[in-house]
There are 2 protein chains.
Amino acid sequence: MAKSFSVKDRLHEQAGALTPAERQLSSVLMRDYPVGGLQSITRIAEAAGVSTPTVIRLARKLGFDGFPELQAAMRDEASEQFKTPIRKREGWGDTKPGSAAFTAFAEAVFDNLSRTIDRLEPGTLDAIAGVLADRQRPVYLSGGRITRSNADYFYNHLQIIRPAVTLLGASPNVWPQYILDMDRASVLILFDIRRYERDLERLADLAKEREAEIILFTDQWGSPITRLADHVVNAMIEVPSSWDSTLAINLIIEALIAEVQTRVSDSARERIEALEDMFRSTRIFRKP
Amino acid sequence: MAKSFSVKDRLHEQAGALTPAERQLSSVLMRDYPVGGLQSITRIAEAAGVSTPTVIRLARKLGFDGFPELQAAMRDEASEQFKTPIRKREGWGDTKPGSAAFTAFAEAVFDNLSRTIDRLEPGTLDAIAGVLADRQRPVYLSGGRITRSNADYFYNHLQIIRPAVTLLGASPNVWPQYILDMDRASVLILFDIRRYERDLERLADLAKEREAEIILFTDQWGSPITRLADHVVNAMIEVPSSWDSTLAINLIIEALIAEVQTRVSDSARERIEALEDMFRSTRIFRKP
DNA sequence: CGCAGGCTGTCAAGATAATTTCGTTGATTA
DNA sequence: TAATCAACGAAATTATCTTGACAGCCTGCG
C-alpha cells in the first residue's frame, strides 16, 4: 500500500484483520488522534492495557517498519493538520461526515439532551430510582407504537437487575389480566409521546384506580396521562426529521438503569452473575 | 514547575534571559509549534544546530524538570488544540440535575456521542442510507441480547417507511428460513456490541455466503463481524455504569431514519398516509 | 481428549535517548 | 597578559525504549 494513507485510514482499512488486543490499541490511538500516538511506546501500551510487542505488531501490520516509523507518520499528520489555516478538521467544522443534514441533526440532538436535563425536576430521578430499586414492588412497562422499543430497552435491563418486571405486550387485549394484579405497591412505567395513544391513557386510568404508582415518560408538551402520573419526565424530541427523536428518553432510561443498578447492587450481583453463567456460551471480550 | 503557562508563553517570558544558542533553539521550537517539539531531543538539537545539553538547559530554564517534562507539556498543548469545539461542552456546570453521578453519566454520554461522530468514516452514512433507500432490496435486522431493542427501534421505523423489512426474532432457531431467502440484493443489519455473540457471527457468515450486504453497528473495539461487514459504524458505549450505553448507536439510527425517509419520501408519503388512515379508522390516537 | 495454530504477554538483549561531567572557547576585566 | 567566567559541546554515563525470541493460553478441530 502506498505511503500516502493516513494512520487512521490504515487502521480502518485493516479493521477486519485486527486481533482483539490490536482493536483495543487501535481505539486508544483513535481516542486522542493523532497526538495521543506521540508518546513512548511503553506509555501507549499501558494506556491500552496491552504489551509493547503488540504495539509493534500493529505497526507492522499497518505497513510500517516499526513503531518509530508509525510515530513519525502520526507526527507528520499532526503537523500537517496544524498548518492548515482554517479548521478544515473533519467531523464537525464542515463537510466530512456526509451531509450538512447530519450535522444539523446531531446538533439538534445535543440540544435536546441538554434541554431535557435542564428541565428535569431536581428530585425526580432520585425518586424514580428509589421506587424501582425496591424489589418488593412489581413493575410493569408499556409504550406506544414507537416508544414500545424504549419500554423494551428499559425492560430488558430492569428485568436482569431485579425480579417482578413485566412488559405489557403490544396488544391491549391482554392488558386487563395484568391490571387485575396491580395494587398500591405496583409501579407502572408508561411511555407516551405525541400522537398520544388513547389505549395508554385508559391503561393509566385503570392502573390509577388500583392505586398503582405511575411513572410517565413523555415529550415536551406532555401526554394527557400527566394528570395521573406520580413522576413525569419531559424529554425534548424535536429534530429535523419526519420522525421524533427518543434519544433524550433513552438518556434518562440509561441513567436510571445505572442508578437502580447501584442501589440494588448487592442483591443484584448474584442475580447477574447467575445470568452471566447461563450466557457463558457467548465469549467475552475484555473486561475494562 | 509551578505554573501552567504554555511553553510558548514561557519562551517569550524568558526571551531576554536566553543565550544565543538557546535563542536559536527557541526559534526552531516555534517554527512548527507545538508539534515540532515532539521528536527526540537529539533530532531537535540537530535541527537547531545546538547540542543536546543545551536543550536540557533550556528546558530547565523554562521551569521544567527535564526535557521529557517539556515535551509532555507540548504534547498536552497539541492535544488540547485538537479537541473539537463541540466536545468542550463546558456549559451546564452546576445545574443541580440531582446527583453528581447523573452529571458524570450525562457527560460521558455527550463525550460518547461526539467521539462516535468524530470516528465515523465520511461516506459511511451516505452509503448506508443509499442502500436502505432502495426499496427493491429486502432488509433484515437482528441484534444481541441488549441490542435487540435497538434493532427493534430501527425496524419499527424502517418498516413504516419502506416495504420488505424483517426483524429476525430472538431465537436463532428460526433464522435459517430467513437466510434461505437472502441473495445478493439482500441487506442484513446487525447490532453486536461487547459480549459479542457467537450466533450473530454465524448468522453473518451464512448471510455473507449468500452475498448479502452486511451493515454492522458495533462498539469502539469492534465485533468480530467487522471482517464480514460492508459498512461498519463504531459507537462509543462506555459510561460510568455497570451497563454499556447504546445511545450513540441510537443517534446514528435516528439520523439514518431521517435520511432514508428523505430519500424515499415521495413514495413513502402515500405509504405513511395509508397506514395512518388505518390507525385512525381502527381507533386510537389523535393528532398532536 | 489432545493437538495445532493463532494470539499475546514476559523477558532480555541491543539500540537509542536523556542527563551528567568536564574541558574548551572566547569575551571581559584587572 | 593573565585571570575569570559564562556559554557550549564532546564524551561518558545512565535511563528508557525497541525489538526478537520464546512460552503460556485459549480456541477450534479431529
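To find a chain, count down the sequence lines: A is the first, B the second, and so on, and within it residues start at 1.
Between the base of C:dG9 and the side chain of A:Arg57 there is a donor-acceptor pair shorter than 3.5 Å.
Between the CG atom of B:Leu18 and the C1' atom of D:dA6 there is a distance of 15 Å, given to the nearest Å. Taking atom CG of residue A:Asp65 and atom P of nucleotide D:dC17, one finds them 21 Å apart after rounding to whole Å. Put simply, CG on B:Leu58 is 13 Å from P on D:dA7, counting in whole angstrom units. Distance CD (B:Gln39) to P (C:dA18): 11 Å, rounded to an integer number of Å. Between the P atom of C:dC7 and the CD1 atom of A:Ile56 lies a distance of 17 Å, rounded to the nearest Å. One can place CD of A:Glu22 at 9 Å from C1' of C:dC7, the figure rounded to the nearest angstrom. Rounded to an integer number of Å, the gap from CG of B:Leu70 to P of C:dA18 is 11 Å. Remark: C1' of D:dC17 and CG of A:Leu38 are 16 Å apart, rounded to the nearest angstrom.
Taking every side-chain heavy atom of B:Pro53 into account, C:dT20 is the closest of C:dT20, D:dT18, D:dC8. Among C:dA18, C:dG9, D:dC8, the nucleotide with an atom closest to any side-chain atom of B:Thr42 is C:dA18.
Residue-level contact check: B:Val50 touches the backbone only, with heavy atoms under 4.0 Å from sugar-phosphate atoms and none from bases. Backbone-only engagement by B:Pro20 is indicated by non-hydrogen atom pairs under 4.0 Å involving sugar-phosphate atoms exclusively. Contacts of B:Ser40 with the nucleic acid, taken as non-hydrogen atoms under 4.0 Å apart, involve only primed sugar atoms and P, OP1 or OP2.
Comparing A:Ile41 and B:Lys61 by the nucleotide of DNA chain D whose heavy atom lies nearest to each, the residue mapping closer to the 5' end is B:Lys61.
Summarising the geometry of B:Ile214 relative to B:Ala207, their closest heavy-atom pair is CD1-CB, 4.5 Å, with the distance given to 0.1 Å.
Checked for salt-bridge contact, B:Arg227 and B:Glu201 meet the test: a charged N lies under 4.0 Å from a carboxylate O.
Taking only side-chain nitrogens and oxygens, A:Thr52 never comes nearer than 4.0 Å to OP1 or OP2 of C:dG9. Between A:Arg43 and D:dC17 there is a side-chain polar atom (N or O) within less than 4.0 angstrom of OP1 or OP2. Between B:Arg60 and C:dT20 there is a side-chain polar atom (N or O) within less than 4.0 angstrom of OP1 or OP2. Between A:Thr19 and the phosphate of C:dC7, there is no side-chain N or O to OP1/OP2 separation shorter than 4.0 Å.
Ring geometry for B:Phe217 against B:Phe154 counts as perpendicular: the plane angle is over 60°, on a 0 to 90° scale with 30° as the lower cut.
Between the CG atom in B:Asp111 and the CE atom in B:Met236 there is a gap of 7.5 Å [rounded to 0.5 Å].
Side-chain atoms of A:Glu69 come within 3.5 Å of backbone N or O of A:Gly66 as a donor-acceptor pair.
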